[in-house]
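The next block holds one structure in the form of structure tokens; read it before the comments.
Proteins come first, then strands; the chains are lettered A, B, ... in the order of their sequence lines, and each starts at number 1. All values below were derived from every heavy atom in this structure, side-chain atoms included, with hydrogens, water molecules and symmetry-related copies excluded.
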Amino acid sequence: MKYWLMKSEPDEVSIDDAVRLGPAPWFGVRNYQARNFMRDQMSIGDGVLFYHSSCAEPGIAGLAEVASSAYPDETQFDPKSKYFDPKSTRENPRWLLVDVKGTRKTRLLSLSEMRTKPELATMTVLQKGSRLSITPVTEEEWQAVLKLL
DNA sequence: GCCAACGTTGGC
DNA sequence: GCCAACGTTGGC
């Protein structure tokens, strides 16, 4: 059992959407490190901190869990999608994803509040220059976040 | 809209 | 394989 923080723009998919939809493909990741986490390290049932980014109040907005193993992201094959990748083929797909199931909306633990908590200071998402949309969360960090929600 | 930080691309 | 140029992320 591992833990993760996954960023989503609430204008695209919010925690409300994720809870309502149930298990849904986490499409659109186009970064190799983030892809590799999904491909190599995620397992069904892993805990996910659902983070709202690029919005008025960025922060952790709810909880979710990994709901599938990795499989190809269909949007890479769709020329009409903004995630289309002309260099990818069905025989050798470049981009994989997992299904993520929103489990519950929580209070918003804002980025600014997170920065005030010493017990969260080790979180990758808080490190300077960190931009990855998927980052691992330690057991200690996970427990510390849960206590604050 | 700005810009720091980081990732990717492509010429050599 | 290096690295400059360019693109993207994402908070502010």
- What's the shortest heavy-atom distance between A121(A) and Q127(A), and which atoms?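 Heavy atoms of A121(A) and Q127(A) come nearest at O-NE2, 2.9 Å.
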Below 3.5 Å between N/O atoms, which protein atoms pair up with nucleotides 1-6 of chain C? Just atom names and distances, please.
none

- Would you say a side-chain N or O of Y83(A) is under 4.0 Å from OP1 or OP2 of dT8(C)?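 Answer is no, no contact under 4.0 Å.
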- Taking OP1 and OP2 of dG10(C), is either one under 4.0 Å from a side-chain nitrogen or oxygen of K7(A)?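 Answer yes for this pair, as a side-chain N or O of K7(A) is under 4.0 Å from OP1 or OP2.
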Side-chain donor-acceptor contact under 3.5 Å, [X] with [Y]:
| X | Y | value |
| --- | --- | --- |
| T103(A) | E65(A) | no |
| D99(A) | Y71(A) | yes |
| T75(A) | R30(A) | yes |

Gap between atoms [atom1] and [atom2], on [X] and [N] respectively (whole Å):
| X | N | atom1 | atom2 | answer |
| --- | --- | --- | --- | --- |
| H52(A) | dT9(C) | NE2 | P | 18 Å |
| M114(A) | dC12(C) | CE | P | 12 Å |
| L108(A) | dG11(C) | CG | P | 12 Å |
| D85(A) | dT8(B) | CG | C1' | 12 Å |
| Y32(A) | dT8(B) | OH | C1' | 8 Å |
| L132(A) | dT8(C) | CG | P | 17 Å |
| E9(A) | dT8(C) | CD | P | 13 Å |
| Y51(A) | dT9(C) | OH | P | 15 Å |

Kindly point out which of [options] is positioned nearest to the side chain of [X]?
| X | options | answer |
| --- | --- | --- |
| R94(A) | dT9(B), dG7(B), dG11(C) | dT9(B) |
| R131(A) | dG11(C), dT9(B), dG7(C) | dG7(C) |
| S133(A) | dG10(C), dT8(B), dG11(C) | dG10(C) |

- Message: Taking atom CD as the centre, does E57(A) end up with more than 12 heavy-atom neighbours from other residues, nucleotides or ligands that are less than 6.0 angstrom away?
- Response: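 It does not: E57(A) CD has 12 such atoms or fewer within range.
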- Just wondering, are more than 12 heavy atoms of other shown residues or ligands nearer than 6.0 Å to NZ in K7(A)?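 Result for NZ/K7(A): enclosed.
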- Going through the distances and angles, do D17(A) and S14(A) end up as a side chain to side chain donor-acceptor pair (under 3.5 Å)? CA-CA 5 Å; D17(A) 298 328; S14(A) 70; 3.2 Å; yes
- Message: Categorize Q33(A) for me: base, sugar-phosphate, or nothing, with a 4.0 angstrom heavy-atom threshold over every strand shown.
- Response: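 The residue Q33(A) makes sugar-phosphate contact but no base contact.
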- Aromatic ring pairing F37(A)/W4(A), orientation class (parallel under 30°, perpendicular over 60°, tilted between):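 Judged by the thresholds at 30° and 60°, the geometry between F37(A) and W4(A) is tilted.
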- Message: Using a strict heavy-atom distance below 4.0 Å, which residues from residues 117-130 of chain A are in contact with DNA chain B?
- Response: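 Only K128(A), G129(A) qualify.
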- Message: Test of understanding: with side-chain hydrogen bond (donor to acceptor under 3.5 Å, both in side chains), list the residues that count as partners of W95(A), not counting sequence neighbours.
- Response: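 W95(A): side-chain hydrogen bond (donor to acceptor under 3.5 Å, both in side chains) contacts with D85(A).
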